[in-house]
Novice: 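Dropping the structure in here first, questions after.
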Amino acid sequence: MSGPSNYQPQNPAMKWLERRLPIGGLIHSSFVAYPTPRNLNYWWTFGAILSMMLGVQIITGVILAMHYTPHVDFAFKSVELIVRDVNYGWLLRYLHSNGASMFFIAVYIHMFRGLYYGSYKEPREVLWILGVIIYLLMMATGFMGYVLPWGQMSFWGATVITNLFSAIPYFGESIVTLLWGGYSVGNPTLNRFFSLHYLLPFVIAGVVVLHVWALHVAGQNNPAGVEPKTEKDTVPFTPYATLKDAFGMTCFLLFFAWFLFYIPNYLGDPDNYIPANPAVTPAHIVPEWYYLPFYAILRSVPNKLAGVIAMFSAIIVLAFLPWLDSARTRSSKYRPLAKQFFWIFVAVCFGLGWLGAKPAEGIYVVAGRVLTFAYFAYFLIVLPILSRIEKARPLPNSIAEDVLRKTGKVSAMIALAVGGMLMLGGADKARAAEGAPTPPSLKWSFAGPFGKFDQGQLQRGLKIYKEVCAACHGLSFVAFRNLADPGGPGYSPAQAAAFASEYKVKDGPDDKGEMFERNGRPADYFPSPYPNEQAARASNGGAFPPDLSLIAKARGYERGFPQFLFDAFIQFQEKGPNYLDALMQGYEDKAPAGFALPEGSYYNKFFPGHAIKMPKPLSDGQVTYDDGSPATVQQYAKDVSAFLMWTAEPHLEARKRLGLQVMLFLIVLSGLLYFTKKKVWADAH
């Protein structure tokens, strides 16, 4: 189906190359003269968006791999050092992590479009099956990539998912041992996953080439589901489809940039900012949001092996769609019953995603089983029956006729967006701290698109840390030189050096082979108050005081519906600072009646479970501020919380500043592309 090419290079070198390797003619026939149905709507731009996102993921992944260390002792730290010390490392990391979510958002829309318009029907069966293979490879790649940061959810997610293979009779345990490289998730596992995560995107790219090849052989489907009959039914790919795709990609990049620059951790899990700890299991082990529907199917089946079979069958059944749905009419646009059942199926998928983030107990299990049955019933019962009993509406005689009667609707996009946000909200609820009141939302100088850190507040927070928190908690990812970085507390390099010299840092060995202490230097990191974890636990009644470098991103709480929905629009990312501020003020002298407070613990109404080992850290008048700010617990708590937000997001100001520039550029570009596209398409419509 590649268009007739009249490509004739004018350059002598290109003529010489074209006679020996006709790449120019191939590109011209496939992406310039290629006949495209003129009634394609914007749902078809997601194919181009997916190609763009695959390129983004490969490029950022290759660069990140240059700095990443695939070792259990260094993986977490190497990721954080990429964010903090590599030039624009924060941008690369957030591009890659948020890009994975954007990739899956685009692929789900692409798949739902194919389901609705019957893009799997003859003669496009191979095209569809290749798409299912790409989806399976994406899921494997995404899972392995999620493990690489080696945070709590990474480690336990790898443990739970790889354990599923043990349900396979006879060979299961051997497969798990092979995946692990031993008898538990550890360093060999991380190395295997890193190698495969690096390799699989190139395999995906290869299958994408086959996918595009199959598309050009069979030709594109279209909303009417009728094949092109005359030249009036098609337009050349360039400039028509090219401009339309470019406009769609720019709009998608605006959506991507909103998350990337303003709420980069909205789609992530706070637990993954805690280093992996095999001895501590998270309260809720949930995968990334794009796996939640299949996770719900897995948990809805009581038998482990049956659950694994059901989970994989939920994906594999897609490959059999061309034979399960034998209706002659492709598009659900002309199949009233199929259209209704399609939207019911979409609701079932979102419902499964929401349930996948809930605890596997009570009504959630029952609802999961009902929706699992509905999911499989759509493919195995509904579509085969509709193929035989449904009477379709009359199809247009040609694509040109369909163009004249088409109507534009945005309801489908709104439904998908709201459903997706509901799924994300369910995940947010699953990660929240149970049994604790919601911390009050405070006003922070760094909130919003133009937010900046208050340098005076950061300096006060640093003083609180030094005089109060540093006795138990470290800042292992913060160097003294960072105090003089732009967007930080605002110290000069000389002041940062003077501050560093107040600390004693262990160094060595010296010429005699002995360790020694010296004054700190700007390049040194804040030293830990304890030599190791065991010493820390011995000094704190068995509790391990966490490092505070990332604590503002490693803590969160439930916002609930509909607040979590608004959070994406108001760019709310202050759950961590709000929680920390509330925690430091949440101590009460006595536990409520009926509450059994363990010995050596203190009651805190905002701490999960309310029993905390850390004694009340702050009291009025404990620290004297040089600028005359109130010496109150309320002021102390807010100042140190803001400081800890800076230690967790030291490039926050640079991120938002670049984000504003990128957003303005994309808005202008999308406007120019829209009017250019409108002018080019004026004759075609």
Side-chain angles (χ1 to χ4, degrees), residues 47 49-76 78-79 82 86 89 92-104 106-107 110 129-151 153-155 157-165 168 171 174-182 184-214 272 276 287-288 290-291 294 311-312 315-316 318-319:
I49 289 169
L50 284 167
S51 299
M52 174 186 69
M53 291 309 305
L54 178 60
V56 168
Q57 292 302 95
I58 289 177
I59 292 170
T60 56
V62 168
I63 299 173
L64 287 170
M66 297 176 185
H67 303 277
Y68 176 73
T69 306
H71 191 283
V72 294
D73 294 333
F74 309 113
F76 186 88
S78 72
V79 171
I82 289 171
V86 175
L92 290 167
R93 170 77 202 287
Y94 286 148
L95 270 170
H96 200 71
S97 58
N98 284 276
S101 289
M102 297 300 120
F103 207 168
F104 274 95
V107 83
H110 194 62
I129 292 170
L130 287 169
V132 175
I133 293 171
I134 292 171
Y135 179 55
L136 282 168
L137 291 170
M138 280 180 60
M139 295 190 78
T141 306
F143 165 65
M144 292 174 187
Y146 190 56
V147 175
L148 299 187
W150 210 242
M153 202 57 70
S154 295
F155 174 84
T159 301
V160 170
I161 299 302
T162 52
N163 254 315
L164 296 177
F165 290 95
I168 300 174
F171 309 107
S174 299
I175 294 173
V176 172
T177 303
L178 178 65
L179 287 172
W180 286 351
S184 64
V185 173
N187 200 59
T189 317
L190 183 60
N191 273 280
R192 282 163 167 73
F193 281 18
F194 174 64
S195 298
L196 291 172
H197 182 69
Y198 193 93
L199 171 66
L200 285 179
F202 297 100
V203 177
I204 292 174
V207 183
V208 166
V209 171
L210 294 177
H211 189 66
V212 173
W213 188 2
N272 236 26
E288 285 285 72
Y290 34 83
Y291 300 129
F294 305 104
M311 181 180 69
F312 284 107
I315 303 171
I316 295 171
L318 294 170

Novice: Is the closest side-chain heavy-atom distance between Met311 and Leu164 below 4.5 Å?
Specialist: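 The answer is yes, as the side chains (C-beta and beyond) meet within the 4.5 Å cut-off.
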Novice: Determine whether a donor-acceptor pair (N or O, by modelled atom type, separation under 3.5 Å) exists between the side chain of Thr162 and the backbone of Val176.
Specialist: no
Novice: In the structure I gave you, are the side-chain heavy atoms of Phe103 and Val56 within less than 4.5 Å of one another anywhere?
Specialist: no
Novice: Would you name the heavy atoms of Ile134 and Ile204 that are closest together and state the gap between them?
Specialist: CG2-CG2, 4.1 Å
Novice: Do Phe294 and Met139 touch side chain to side chain, with heavy atoms closer than 4.5 Å?
Specialist: yes
Novice: Which heavy-atom pair separates Ile82 from Tyr68 by the least distance, and what is that distance?
Specialist: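 That would be CD1-N, 4.1 Å.
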Novice: Looking at every non-hydrogen atom in both residues, tell me the closest pair between Leu130 and Ala214 and how far apart they are.
Specialist: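 Looking at all heavy atoms of both residues, the shortest contact is CD1-CB, 4.1 Å.
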Novice: Please answer whether the main-chain N or O of Gly142 pairs with a side-chain N or O of Tyr290 as donor and acceptor at a distance below 3.5 Å.
Specialist: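 Absent.
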Novice: Measuring only between side-chain heavy atoms, which start at C-beta, is Pro149 closer than 4.5 Å to Arg93?
Specialist: yes
Novice: Nearest 0.5 angstrom please: Thr141 OG1 to Leu136 CG, how far?
Specialist: 10.5 Å
Novice: Supply the atom-to-atom distance Ile58 CD1 to Ile63 CD1, rounded to the nearest 0.5 angstrom.
Specialist: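 Atom-to-atom, Ile58:CD1 and Ile63:CD1 are 12.0 Å apart.
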Novice: Taking all non-hydrogen atoms of both residues, which atom of His71 and which atom of Asn187 are closest, and how far apart?
Specialist: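 Closest pair (atom of His71, atom of Asn187, distance): CA-OD1, 3.1 Å.
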Novice: Out of curiosity, Leu199 CG to Leu137 CG, how far, rounded to the nearest 0.5 Å?
Specialist: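 With rounding to 0.5 Å, CG (Leu199) is 10.0 Å from CG (Leu137).
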Novice: For the atom pair CZ (Phe74) and CH2 (Trp150), what is the distance rounded to the nearest 0.5 Å?
Specialist: 14.0 Å
Novice: Taking ring-ring contact (aromatic ring centres under 6.0 Å, His included) as the definition, give me every residue that meets it alongside Tyr135, ordered by chain and number, with sequence neighbours left out.
Specialist: Tyr108
Novice: Quick check, are the ring centers of Phe165 and Phe171 under 6.0 angstrom apart?
Specialist: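 Here the rings of Phe171 and Phe165 have centres that are no less than 6.0 Å from each other.
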Novice: Go through the structure and list residues passing ring-ring contact (aromatic ring centres under 6.0 Å, His included) with His67, not counting sequence neighbours.
Specialist: none
Novice: For the CH2 atom of Trp180 and the OG1 atom of Thr159, what is their distance to the nearest 0.5 Å?
Specialist: 6.5 Å
Novice: Where do Pro201 and Leu196 come nearest, in terms of heavy atoms and distance?
Specialist: CD-O, 4.4 Å
Novice: Taking all atoms of both residues into account, what is the closest heavy-atom pair of Gly186 and Val72, and its distance?
Specialist: C-CG1, 3.7 Å
Novice: What's the spacing between Gln57 CD and Ser97 OG if we round to 0.5 Å?
Specialist: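 It is 8.5 Å, given to the nearest 0.5 Å.
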Novice: State, yes or no, whether a side-chain contact exists between Phe194 and Val147 at a heavy-atom distance under 4.5 Å.
Specialist: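 Answer no - side chains too far apart.
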